[in-house]
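Notes follow the structure.
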Number of protein chains: 4
Amino acid sequence: MARELIKGNEAVIKGAILAGCRAYFGYPITPASEIAHAAAQYLPLAGGTFIQGESEVASIQMVYGAASAGLRAMTASSGPGISLKQEGISYLAGSELPCVIVDIMRGGPGLGNIAPEQGDYHQVVKGGGHGNYKTIVLAPNSAQEMCDLTMLAFDLADKYRNPVIVLADGFVGQMMEPVEFPKLKPIKGEKPWAVKGTKETRKNLITSIFLSPEELEEHVMKLARKYAEVERNEQRFEAYELEGAEIVILGYGIISRILHTAVDRAREEGIKVGLLRPISLWPFPKQKIEELTRSVEAFLVVEMSTGQMVDDVKLAVREMRPVHFYGRTGGMVPSVEEILQKIKEVGR
Amino acid sequence: MARELIKGNEAVIKGAILAGCRAYFGYPITPASEIAHAAAQYLPLAGGTFIQGESEVASIQMVYGAASAGLRAMTASSGPGISLKQEGISYLAGSELPCVIVDIMRGGPGLGNIAPEQGDYHQVVKGGGHGNYKTIVLAPNSAQEMCDLTMLAFDLADKYRNPVIVLADGFVGQMMEPVEFPKLKPIKGEKPWAVKGTKETRKNLITSIFLSPEELEEHVMKLARKYAEVERNEQRFEAYELEGAEIVILGYGIISRILHTAVDRAREEGIKVGLLRPISLWPFPKQKIEELTRSVEAFLVVEMSTGQMVDDVKLAVREMRPVHFYGRTGGMVPSVEEILQKIKEVGR
Amino acid sequence: MARELIKGNEAVIKGAILAGCRAYFGYPITPASEIAHAAAQYLPLAGGTFIQGESEVASIQMVYGAASAGLRAMTASSGPGISLKQEGISYLAGSELPCVIVDIMRGGPGLGNIAPEQGDYHQVVKGGGHGNYKTIVLAPNSAQEMCDLTMLAFDLADKYRNPVIVLADGFVGQMMEPVEFPKLKPIKGEKPWAVKGTKETRKNLITSIFLSPEELEEHVMKLARKYAEVERNEQRFEAYELEGAEIVILGYGIISRILHTAVDRAREEGIKVGLLRPISLWPFPKQKIEELTRSVEAFLVVEMSTGQMVDDVKLAVREMRPVHFYGRTGGMVPSVEEILQKIKEVGR
Amino acid sequence: MARELIKGNEAVIKGAILAGCRAYFGYPITPASEIAHAAAQYLPLAGGTFIQGESEVASIQMVYGAASAGLRAMTASSGPGISLKQEGISYLAGSELPCVIVDIMRGGPGLGNIAPEQGDYHQVVKGGGHGNYKTIVLAPNSAQEMCDLTMLAFDLADKYRNPVIVLADGFVGQMMEPVEFPKLKPIKGEKPWAVKGTKETRKNLITSIFLSPEELEEHVMKLARKYAEVERNEQRFEAYELEGAEIVILGYGIISRILHTAVDRAREEGIKVGLLRPISLWPFPKQKIEELTRSVEAFLVVEMSTGQMVDDVKLAVREMRPVHFYGRTGGMVPSVEEILQKIKEVGR
């Protein structure tokens with residue numbers, strides 16, 4: 001295992017290559033650009049393909065093409081680019097094509113700014129595109145996880161034949177940390193459904209069109225069953241100091257690292273606080289939250305947004321306990337002190 | 001007042017013109033194409049502009065331009081097109097530009113089919129684009145409302161300087177019904193913020209870029225206050241037979257008309273059922289639902305989807321009463337019998 | 001008749017409107033941008049349409065569309081833009097669609113610079129696009145002619161159902177001169193071949209596709225006969241001091257004004273020089289040149305290029321007399337002194 | 001040396017790879033599509049890059065990029081596509097970038113048909129784009145020459161740092177013939193001017209912009225000197241039975257093979273005819289033609305066009321002898337009998 005001091009965005013590509021990704025199509029945008037740079041640099045060395053698409057729309061469609069051919073393919077962007085890709089994402093999900101899409105969030109709405117925010121939760125977790133589809137969403141909080149969750153993303157994408165989104169923010173993308181890279185392991189699993197340009201696979205059909213309502217309903221129901229299976233199997237979270245916690249704080253991505261310190265500080269002051277960090281945003285770790293509602297007094301959700309994930313927490317808590325919210329936006333990152341203060345208010 | 005037998009899609013444009021809309025930019029897509037046709041036919045007659053954009057992306061950006069200049073401007077599309085417009089919608093909301101966007105939903109995800117569905121709820125109500133923004137969403141269930149709610153949409157858009165989406169499905173868009181057209185009334189209200197190509201307005205700034213985090217947070221908070229005001233003022237719904245209802249069924253758009261008949265039939269059989277039809281999907285008529293939780297035994301949500309609005313009902317019901325769901329997809333429309341059966345199951 | 005001090009580029013649009021042009025589609029480029037500006041300003045006032053196309057390619061295709069509908073339509077650009085329009089021009093000629101294209105030449109090749117040059121002769125006179133087609137090319141040398149020849153261009157375009165190019169350089173486009181605008185005269189002539197969106201014209205077919213070689217050859221021969229007719233009828237030139245001239249100098253556009261002065265100066269010195277200014281570059285005024293070969297000793301062609309028109313002069317002179325050439329490029333304009341010197345060399 | 005029965009279009013790519021070409025960018029169009037197919041199939045095997053550009057315009061710009069980096073790069077298309085590439089070709093010539101462009105001509109103008117024609121002579125030989133530039137044009141008449149002249153094209157492109165066009169027609173592109181492929185030989189010559197993404201080449205400047213008229217004129221003059229050198233060195237032709245010929249027929253590409261048979265047939269009948277086949281269309285084999293004017297009675301030019309190359313023949317013959325023309329268009333190919341008949345008319 002190799003250890004390297006590396007930016008989160010670069011770790012994404014190194015992880016992707018270790019996971020067998022051989023095709024990257026993207027359009028550069030701050031703060032996701034290092035991903036494209038690393039892809040341009042490393043993919044050709046690994047015998048892969050890097051294309052800077054002529055637009056965000058073109059790039060996601062190129063991912064569709066490569067995924068159809070059975071390649072592990074990816075793209076990356078930031079909020080505005082992900083918005084432009086929504087049609088393509090819906091098509092990928094509708095056609096059950098595996099792929100990985102990385103979203104390094106910036107301030108919004110519109111052009112906003114290039115500072116970190118978490119305002120893309122709704123567009124990636126609820127489905128920013130049309131139709132009844134879901135994408136798996138993984139939220140790393142370190143350079144190490146940028147590598148690890150990207151690798152996991154490719155495995156889940158293939159397992160469920162569905163797009164997987166890695167959702168990070170400018171902070172996690174830009175910061176440099178040591179990363180342990182695993183050994184390259186062979187990709188298991190053939191893709192007999194892919195259209196590879198061979199005679200045998202010519203009969204395969206990759207499509208999201210189902211003209212008759214009966215057929216389309218059947219297809220949507222098949223997808224729904226798959227999504228239900230994902231919800232059963234793939235809820236991921238990190239628990240910290242939940243033992244005996246009266247207050248549980250929740251946050252994902254960079255926020256969780258601040259919450260971690262806040263928990264330590266609160267514990268020092270004798271406040272019984274624990275941290276639940278959702279790693280999968282969809283499926284949302286509902287089960288763990290439901291379990292916690294039996295012992296916990298109150299929940300506090302912290303986001304760098306005006307409150308998006310908080311709705312999923314509420315739906316999971318089901319009014320058993322109060323759910324409080326604290327948010328900052330525009331690239332403003334809440335401090336440990338602000339959180340501590342908030343914990344105390346909740347605890348009162 | 002003129003009365004005319006007319007398609008829902010055409011009523012949208014007649015309403016838009018009566019509401020003072022003078023600019024339409026769009027790209028044709030079934031089942032929304034009649035809107036573009038009518039716009040091409042009638043807007044020039046009213047001294048307005050119709051441009052068939054070179055793409056969905058271009059069309060929404062043209063709306064941005066016309067709205068910046070103070071014109072009442074609109075576009076229309078179906079699910080895949082609305083997905084492509086998500087970046088533009090986020091920019092319009094971020095720049096506080098009034099405009100009207102009509103979404104005539106078709107089956108999804110991906111290409112799906114051209115039959116009616118309600119799978120776009122998430123993308124228009126939760127925000128399919130990036131950043132912390134909201135769009136007002138109005139859901140007509142008749143040709144008359146296609147006219148009326150489009151007119152209301154333009155007024156609300158100007159009042160709040162925000163995009164308003166009219167969300168219908170292929171059924172409501174395609175069906176022909178008599179429509180009473182109101183008299184053309186003068187548009188009140190100057191737009192001193194617009195950039196009109198005059199010397200005086202040259203200093204105006206229409207932008208969604210706020211480089212410093214402090215500034216952007218301030219802007220996002222300003223938007224959040226506006227959204228809170230909208231939530232207080234603009235919750236709209238239709239109530240039918242709610243008096244003494246033990247079961248309340250909820251559905252929007254074409255579904256509500258089937259539910260209406262189902263309520264009649266159930267009442268004939270002595271079942272105490274009422275109908276709550278959300279007309280504004282955002283802001284969601286939470287207040288009315290919260291009020292109903294005091295008297296009602298159970299809720300049943302019916303959608304032509306795998307369940308999207310149902311989450312908003314749950315968030316409003318807050319676990320006070322059970323919330324049941326029944327959905328069809330792919331263009332399959334639930335029948336009165338299916339609904340009646342479902343009501344009986346819920347009532348047990 | 002109104003008299004106005006005006007830029008050549010602006011005179012183009014005023015002339016176009018007087019000639020009945022009601023549709024302008026273009027993409028701005030120096031030194032042609034004032035044409036687009038004037039079109040944006042004046043066409044809507046005349047009840048016409050101005051659209052800034054998303055590209056040069058789109059703009060020429062929009063001209064194709066408007067011309068198909070029977071409108072007098074135009075576009076304008078500079079060298080690089082005209083290059084991008086070559087496919088469209090070939091389609092317009094192949095489909096026998098009348099339209100006017102203005103080329104305000106800049107320095108080339110490639111990006112070059114924005115100074116005046118005459119390096120586009122080959123691409124507009126010989127046909128820069130594919131297939132056996134010709135475009136009529138008119139070369140104004142004053143703001144007055146920018147108006148007059150644009151008006152003539154529309155008449156010739158309609159008369160022959162063929163694109164007409166007005167070829168000027170940055171000098172003629174940018175300079176301000178008094179222009180006498182004629183009265184608006186009604187456009188004569190119906191276009192029964194146009195597709196106007198009416199029932200009657202639905203059967204009309206505007207196309208450049210002729211799948212069978214026999215059909216296409218017949219079509220090409222029909223075009224060739226038309227071009228022969230144009231060559232017979234439309235050779236235009238200005239003659240100055242040709243009486244008794246021993247040396248004839250030839251130049252078009254801005255060059256001709258310098259040559260004019262040079263002729264005066266040479267005549268003062270007793271040198272018998274005359275000036276032939278081609279006004280139509282295609283059809284080239286061959287007949288007049290052939291006639292001159294009988295009396296003249298030598299020809300001198302002056303261009304702001306490395307020599308493009310000179311080949312047409314040679315083809316017309318048919319080795320009866322020597323043809324000399326003097327050229328400057330890159331935006332360098334030959335002075336009267338340079339020309340005079342050159343005349344003397346030729347005269348020796 | 002390997003011998004293979006192969007289509008002309010495929011021979012282009014095999015030749016290109018043998019000549020060291022490692023980058024192909026193109027957009028498919030009949031009758032050039034097999035070139036793209038072969039490029040997609042063989043270039044990756046040779047460690048090269050194949051990209052299907054999103055348009056003809058994008059493809060030529062990608063060639064610009066790859067050529068700037070010092071790669072041997074190419075594209076191919078048919079008439080309409082070459083028209084769209086004219087801006088890019090002018091930029092490549094202006095920036096002195098070597099590259100190879102293959103034009104497999106089809107019927108025109110406009111959409112025309114997909115039968116073979118020679119209507120693109122003007123756009124590639126005279127320069128269909130803006131500014132004073134020239135491209136070397138080579139015209140193969142067999143599958144073997146499709147390979148050989150493509151290889152030569154890459155060498156000339158590098159030698160003169162200029163685009164070279166291989167001009168063939170649908171016939172030569174589509175027909176299958178045995179081809180002897182030479183051994184792969186190492187490419188000689190460094191490109192110290194290229195921008196390779198290394199520190200050392202970062203200072204290199206690839207541009208066609210020269211803002212001051214003095215600088216641009218100097219650049220244009222430098223190009224003109226280069227073109228003069230090309231004219232001196234690179235005139236290529238095939239002579240057949242010119243010994244004692246009274247009539248010389250001229251034709252390029254597929255026509256030359258019909259003329260060959262016609263010469264044989266005429267000689268059998270005792271008519272003294274010879275064939276001059278221009279292989280380089282620019283530089284045009286003027287010198288040989290001038291030489292022939294001393295002994296020959298008359299010239300006959302045969303083209304599959306309404307007469308384009310004939311002007312270059314006339315300019316070379318300089319009225320010393322009559323120049324006759326015979327042309328067919330639209331995909332109609334003149335027969336040996338037609339030619340023979342024409343020869344007899346000329347001989348009378």
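Each chain gets a letter, A, B and so on, in the order its sequence line appears, and its residues count up from 1.
When each of D/Glu117, D/Arg328, D/His219 is checked for heavy-atom pairs under 4.5 Å with chain C, D/Arg328 comes out on top. Contact tally against chain D (heavy-atom pairs below 4.5 Å) for C/Gly108, C/Ser78, C/Gly107, C/Gly110: the top residue is C/Gly110. No other option in C/Gly128, C/Ser305, C/Gly94 has as many heavy-atom pairs under 4.5 Å with chain D as C/Gly128. Top candidate by heavy-atom pairs under 4.5 Å with chain C, chosen from D/Gly79, D/Ala224, D/Gly112, D/Ser212, is D/Gly112. Options C/Gly88, C/Gly307, C/Ser208 differ in how many heavy-atom pairs under 4.5 Å they form with chain D, and the most are formed by C/Ser208. When each of C/Gly127, C/Gly327, C/Ala93, C/Ala115 is checked for heavy-atom pairs under 4.5 Å with chain D, C/Gly127 comes out on top. Of the residues considered (D/Val57, D/Ile89, D/Val220), D/Val220 shows the highest number of contacts with chain C, using heavy-atom pairs under 4.5 Å. No other option in C/Ile82, C/Val317, C/Asp311 has as many heavy-atom pairs under 4.5 Å with chain D as C/Asp311.
Residue C/Thr207: no heavy atom, backbone or side chain, is found under 4.5 Å from chain D. Contacts between C/Glu215 and chain D at a heavy-atom distance below 4.5 Å are absent for every atom of the residue. At a 4.5 Å heavy-atom cutoff, the contact between C/Leu223 and chain D is made by side-chain atoms alone. Within the 4.5 angstrom heavy-atom criterion, no atom of C/Asp103 approaches chain D. If you measure heavy-atom distances from C/Arg106 to chain D, you find no contacts under 4.5 Å at all. Looking at D/Ser55, neither its backbone nor its side chain comes within 4.5 Å of chain C, counting heavy atoms on both sides.
For D/Glu218, the CD atom is loosely surrounded, since the number of other residues' heavy atoms within 6.0 Å does not exceed 12. Within a 6.0 Å sphere centred on OH of C/Tyr27, other residues, nucleotides and ligands contribute 12 heavy atoms or fewer. In D/Lys226, the NZ atom is crowded: over 12 heavy atoms of neighbouring residues, nucleotides or ligands sit closer than 6.0 Å. Atom CE of D/Met320 has 12 or fewer neighbouring heavy atoms from other residues, nucleotides or ligands inside a 6.0 Å radius. The 12-atom threshold is not exceeded at CD1 of D/Ile114, counting heavy atoms of other residues, nucleotides or ligands nearer than 6.0 Å. In the displayed structure, D/Tyr326 atom OH is contacted under 6.0 Å by more than 12 heavy atoms of other residues, nucleotides or ligands. No more than 12 heavy atoms of other residues, nucleotides or ligands sit less than 6.0 Å from atom CD of D/Gln287. For D/Phe325, the CZ atom is densely surrounded, since the number of other residues' heavy atoms within 6.0 Å is greater than 12.
A pairwise comparison of heavy atoms in D/Pro213 and C/Gly331 identifies CB-C, 3.8 Å as the closest pair. Closest approach of C/Gln86 and D/Gln86 over heavy atoms only: CG-CG, 4.1 Å. Contact between D/Thr329 and C/Glu217 at its shortest, heavy atoms only, is N-OE2, 2.9 Å. Contact detail for C/Glu214 and D/Met332: the closest heavy-atom pair is N-SD, 3.8 Å.
Considering CG of C/Leu315 and CG of D/Asp312, their distance stands at 8.5 Å, rounded to 0.5 Å. In this structure, D/Glu87 CD and C/Leu84 CG are separated by 4.0 Å, a value rounded to the nearest 0.5 Å. To the nearest 0.5 Å, the span separating CD on C/Gln123 from NZ on D/Lys126 amounts to 15.0 Å.
When each of C/Leu211, C/Ile209, C/Leu216 is checked for a side-chain contact (heavy atoms from CB on, under 4.5 Å) with D/Leu111, only C/Ile209 meets the rule.
The closest donor-acceptor contact from the side chain of C/Asp120 to the backbone of D/His130 lies at 3.5 Å or more, if one exists at all. D/Asn132 places a side-chain N or O within 3.5 Å of a backbone atom of C/Thr306 that can act as its donor or acceptor partner.
Contact check for D/Tyr91 versus C/Ser83: no side-chain heavy atoms found under the 4.5 Å cut-off.
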